[in-house]
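Data block below; observations after.
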Amino acid sequence: MDYISGLNDRQKEAVLHPEGPLLILAGAGSGKTRVLTHRIAYLIEERKIFPGNILAITFTNKAANEMKERVAELLGGDIGYIWMGTFHSICVRILRQDIDKIGYDRSFSIYDRDDQITLMKECIKEQNLNKDIYKERSILGNISSLKDAMISPDTYINQNYNDYYRRNVGELYALYQKKLKQNNALDFDDLIIKTLELFRADPMVLDYYQKKFKYIFVDEFQDTNKSQYELIRLLADKHKNLCVVGDDDQSIYKFRGADITNILNFEKDFPNTKIIKLEQNYRSTKNILNVANHVIKNNSERKDKSLWTDNEEGNLVVVETLPDSQEEAYFVANMIEKLMVEGYKPSDFAILYRTNAQSRTFEEVFIKRGIPYKIVGGLRFYDRKEIKDILAYLKLIQNPVDDISLKRIINVPKRGIGNATMGKIEQYANEVGESIYSVLQKLDDIPDLSTRAKNSIKGFVEIVNNLMRIKEQMSIKDFIEEVLKETNYIKELEKQDDIESRTRLENIREFISVAVDFEVKNPEGNLEDFLATVSLLSDVDKTEDLKNTATMLTVHSAKGLEFPVVFLVGMEEGLFPIFRALDNESELEEERRLCYVAITRAQKLLFITHAKIRTIYGNTSYSLPSRFIDEIPKNLITTTEESSNLGNNKRRLVNIVDRTKRRKNNTVKSQENKDKVQVGTKVNHKKWGIGTVVQIKNKDEDKELVIAFNEPIGLKRLLLSIAPIEIVKGD
DNA sequence: CCGATTTGTATTTTT
DNA sequence: TACAAATCGG
């Protein structure tokens, strides 16, 4: 097969590059994924490289899966042996094999942010530090940076011995690590750090992987941090066939330790690096690309490059000023409706914002308008209470020394084991230096426990012991169901029987189907693998494409994606760029890169909006258009007022559309049967007036309706049989 | 010990 | 604003 037809010269060069280090500087939309997949396919097919000798590291699991599919498509063969995944998932895979060599158990837990915070709270308390000065969140931030930079607690303490605060942070760091180890747990950063530690501790292990990975690929190289770079440097040290792809203009994770100097170091660490620049953009129109180029050129710290495209000129970029965030949302909704008439599908649209909080207004308006949408991010599926509870049960069963998980669920559902009891147990466990679960096995040794408490605990221990026993005997799905049954988790929720508990049950059902899905895709996978996969999943990973919905997401999570029509909203000073960045040149440059990423997501049409008044966290203030808008030459932009013939008052445009929408709501009472109610039906409620049905769920014999009423009533949930509503005839 | 209420506080991005 | 932690009363 021909792997280079249809590629430009630069791309071909990258695909056919023989051996040795390769640095691809790939501008936005320059077809880097294409280059990567074609190169991998070429290596396997033409150069007869065994797939198991290839390692490809991507930024998200979703990107990894896509890459796998595309390579498989090119080859039409089995590529299951290729290691593809994020830094974190690759490290888990390595650690599951050999972490016992650095003193952990292979059944280790992975701690997420909440777990980390809980653990840090304990540390601060134990060190007798003032919790108003030592905030767990910021301490954890410090520690994370230290880990990224590969600085150990001891080093940090010694370096800062005369600085009281920093020394204490160092002490907390040390204690935090000690506790993680006691719990046989790793946090996200540890996954990288401990892999490095393993390689250092056991050269045989390192040697194995160095020999195995003859070809290594790293995507989104600009967003790797120091420790991640060190990891790939080590792995590639033997064969030096390291291919990294990155774009310094799209580096947007500096706050998380991403280190642009990695691109510079690369040439130093790998002499004779071949550098290939991909500068032809295949994604956007000339106008959109032009706007992007004009914005990003205001950054001083960047490699000079010039993206160009053969694509059509396209429409001018629309910059629209709106009175407030509500009107902004209406503007976007109106525009979407208009464009759908012209043939665009809902899935063609993306609404990009700087902060997750901005999604709410859009959500409300889209519901009212009946525009299907999905939100990426916000409260994540795996962050929901019920999901975290189940996960805590599973983690405990898998790793019984995981005190953090145990404490999360020992009284969930309520078993009468409260703070007082737990205090006594923890104190005793500390004294004897054992895990909580272990001391719970010998209750009579723990002083001062009431008989009642003892009985409750006995019940709990019995359930968990029993679950541990049967863990191996069934599928993951069956086991999760068994856990839910034995712990009475489902029963308690069913007893509660309200809207909240029903949503939770639904989420649990979805979680079970996630497990089923996992088992189908990983027939060999066990509970540990499942837990690791779930803990390392990001939001973007979870969103399926091709659903016929518009997408709302932050600019950060939009990285790597593209959409025919992009609405870049909330472009105001203080919001984008965010106000914390206003007085700091390097942070401003990161905001500008973020803006560049946002603009370059658009293929055909780009709308940029800003509101004159915005309410953030309860206070309303006037806001100025973002400086990034000023950086765009005026001849490249327009307004809807200019570009359409709808008169010279653009406020009128919005209002007119608004009023037409509302006129439909005129109450026309009808005797129609309530059974005709469906999503989108307008109804008149005795007390709340006109609303639109946005969701219908079956509930026993009845139906539960979610109805969106006009402000200030908002969303309400009602039972069809008893709700005092009438259907309103449209038009 | 539990649940409800009040109080307070933090508001960027996330593997 | 909105959510979580702290506090209070049963």
Side-chain angles (χ1 to χ4, degrees), chain A residues 57-64 85-92 110-114 116-118 121 131-132 135-138 140-141 144 147-148 186-193 220 223-225 227-228 251-258 325 352-361 376-380 382-383 385 411-423 450 452-453 456 496 532-542 553-560 570 574-582 584 587 590-591 593-595 597-598 614-620:
Chain A
I57 298 174
T58 56
F59 197 69
T60 63
N61 293 296
K62 193 187 181 194
T86 61
F87 272 103
H88 301 271
S89 64
I90 297 287
C91 286
V92 169
I110 299 169
Y111 277 2
D112 66 11
R113 242 194 113 62
D114 279 3
Q116 291 184 56
I117 288 173
T118 314
K121 266 188 195 149
K131 63 176 174 359
D132 293 328
K135 307 247 184 206
E136 59 270 16
R137 285 175 49 126
S138 77
L140 283 167
S144 179
K147 285 186 178 180
D148 286 348
L186 307 190
D187 66 17
F188 285 125
D189 302 313
D190 277 349
L191 294 174
I192 316 287
I193 298 293
E220 307 284 9
D223 286 322
T224 52
N225 63 34
S227 56
Q228 291 168 337
S251 163
I252 55 173
Y253 283 102
K254 213 164 143 200
F255 70 93
R256 211 167 72 188
S325 61
L352 265 51
Y353 35 75
R354 178 66 239 263
T355 67
N356 274 310
Q358 287 164 260
S359 68
R360 235 193 69 204
T361 327
V376 178
L379 55 147
R380 300 169 51 189
Y382 293 101
D383 280 347
K385 269 195 203 78
N411 202 27
V412 181
K414 298 273 179 303
R415 300 188 175 89
I417 307 171
N419 288 336
T421 310
M422 278 316 285
S450 69
R452 235 181 81 186
S456 310
Q496 205 183 319
T533 307
V534 162
S535 331
L536 297 177
L537 233 38
S538 73
D539 275 316
V540 184
D541 296 331
K542 240 215 83 188
L553 72 180
T554 63
V555 181
H556 278 93
S557 26
K559 192 174 83 155
L575 187 56
F576 198 171
I578 202 129
F579 65 93
R580 296 177 80 119
L582 292 180
N584 179 317
E587 279 183 49
E590 175 132 329
E591 294 288 306
R593 288 193 293 272
L594 198 52
C595 180
V597 168
R614 187 168 295 270
T615 308
I616 303 175
Y617 308 122
N619 39 341
T620 306

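Below, chains carry the letters A, B, ... as their sequence lines are ordered, and counting in each starts from 1.
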With the side chain defined as heavy atoms from C-beta on, A/R354 is closest, among B/dT14, B/dT12, B/dT15, to B/dT12
Partner residues of A/S535 under the side chain to side chain contact (heavy atoms under 4.5 Å, CB included) criterion, sequence neighbours left out
A/I110
Separation of B/dT11 atom P from A/I578 atom CD1, nearest Å, is 11 Å
Taking CG from A/L140 and P from B/dT15, how many angstroms apart are they, rounded to a whole number?
17 Å
Look only at the side chain of A/T118 and the backbone of A/D114, and say whether a donor-acceptor pair between them is shorter than 3.5 Å.
yes
Under a 4.5 Å cut-off applied to non-hydrogen side-chain atoms, are A/F87 and A/T224 in contact?
yes
A/N225 side-chain N/O to A/Q228 backbone N/O, donor-acceptor pair under 3.5 Å
yes
In whole angstroms, how far is the P atom of B/dC1 from the CG atom of A/N411?
9 Å
Which nucleotide sits closest to the side chain of A/R452: B/dC1, B/dT11, B/dT14?
B/dC1
Where are the stems of DNA chain B, defined as at least 3 consecutive Watson-Crick or wobble G-U pairs with both distances under 3.5 Å?
B:1-10 with C:1-10
For A/R415, enumerate each residue passing the salt bridge (Lys or Arg N to Asp or Glu O under 4.0 Å) test, keeping only those at least two apart in sequence or located in another chain.
none
Whole angstrom value for the distance that separates P of B/dT15 from CG of A/N61
9 Å
Between atom CG in A/L594 and atom P in B/dT14, what is the gap in whole Å?
10 Å
Base of B/dT12 and ring of A/F255 stacked, centres under 5.5 Å, planes under 30°
no
Looking at B/dA10, B/dT15, B/dC2, which one has an atom nearest to any side-chain atom of A/K414?
B/dC2
Counting the atoms with a prime plus P, OP1 and OP2 as sugar-phosphate, which does A/T421 contact under 4.0 Å by heavy atoms, base, sugar-phosphate, or nothing?
sugar-phosphate
Check every atom of B/dT14, B/dT13, B/dT11 against the side chain of A/R256 and return the nucleotide holding the closest atom.
B/dT14
With rounding to the closest Å, how many angstrom separate the C1' atoms on B/dT12 and C/dA5?
23 Å
OP1 or OP2 of B/dT13 versus the side-chain N and O atoms of A/K559: is any pair under 4.0 Å?
no
Would you please name every residue forming a side chain to side chain contact (heavy atoms under 4.5 Å, CB included) with A/K121, sequence neighbours left out?
A/I117, A/E136
Looking across every strand, which nucleic acid part, if any, lies under 4.0 Å from A/F87 by heavy atom: base, sugar-phosphate, or nothing?
nothing
With A/Y111, which residues qualify under side chain to side chain donor-acceptor pair (under 3.5 Å), at least two apart?
A/D402
So what does A/A420 touch, heavy atoms closer than 4.0 Å: a base, only the sugar-phosphate, or nothing?
sugar-phosphate
Just N and O in the side chain of A/T554: are any of them under 4.0 Å from OP1 or OP2 of B/dT12?
no
Nearest-nucleotide check on DNA chain B, A/A453 vs A/E590; residue mapping nearer the 5' end is A/A453
Results of salt bridge (Lys or Arg N to Asp or Glu O under 4.0 Å) for A/D189 - residues two or more places apart only
none
Please determine whether a side-chain nitrogen or oxygen atom of A/R113 lies at a distance below 4.0 Å from atom OP1 or OP2 of B/dT15.
no
By side chain to side chain contact (heavy atoms under 4.5 Å, CB included), which residues pair with A/T361, not counting sequence neighbours?
A/S325, A/Q326, A/A329
What is the distance, to the nearest angstrom, from the CG atom on A/D148 to the P atom on B/dT14?
16 Å
Residues which pass side chain to side chain contact (heavy atoms under 4.5 Å, CB included) with A/E590, listed by chain and number, not counting sequence neighbours:
A/K254, A/F255, A/R593
Within the structure provided, determine whether A/K559 and A/Y253 are in side-chain contact (heavy-atom separation under 4.5 Å).
yes
Quick one: A/K135 NZ to B/dA10 C1', roughly how many Å, whole number?
9 Å
Sugar-phosphate atoms are those with a prime plus P, OP1 and OP2; base atoms are the rest. Using that split, label each nucleotide of nucleotides 2-10 of chain C B, S or - for protein heavy atoms under 4.0 Å, 5' to 3'.
S--S-----
If only side-chain N and O atoms of A/N356 are considered, is one of them under 4.0 Å from the OP1 or OP2 phosphate oxygen of B/dT12?
no
Between CD of A/Q358 and C1' of B/dT11 the distance, given in whole Å, is 13 Å
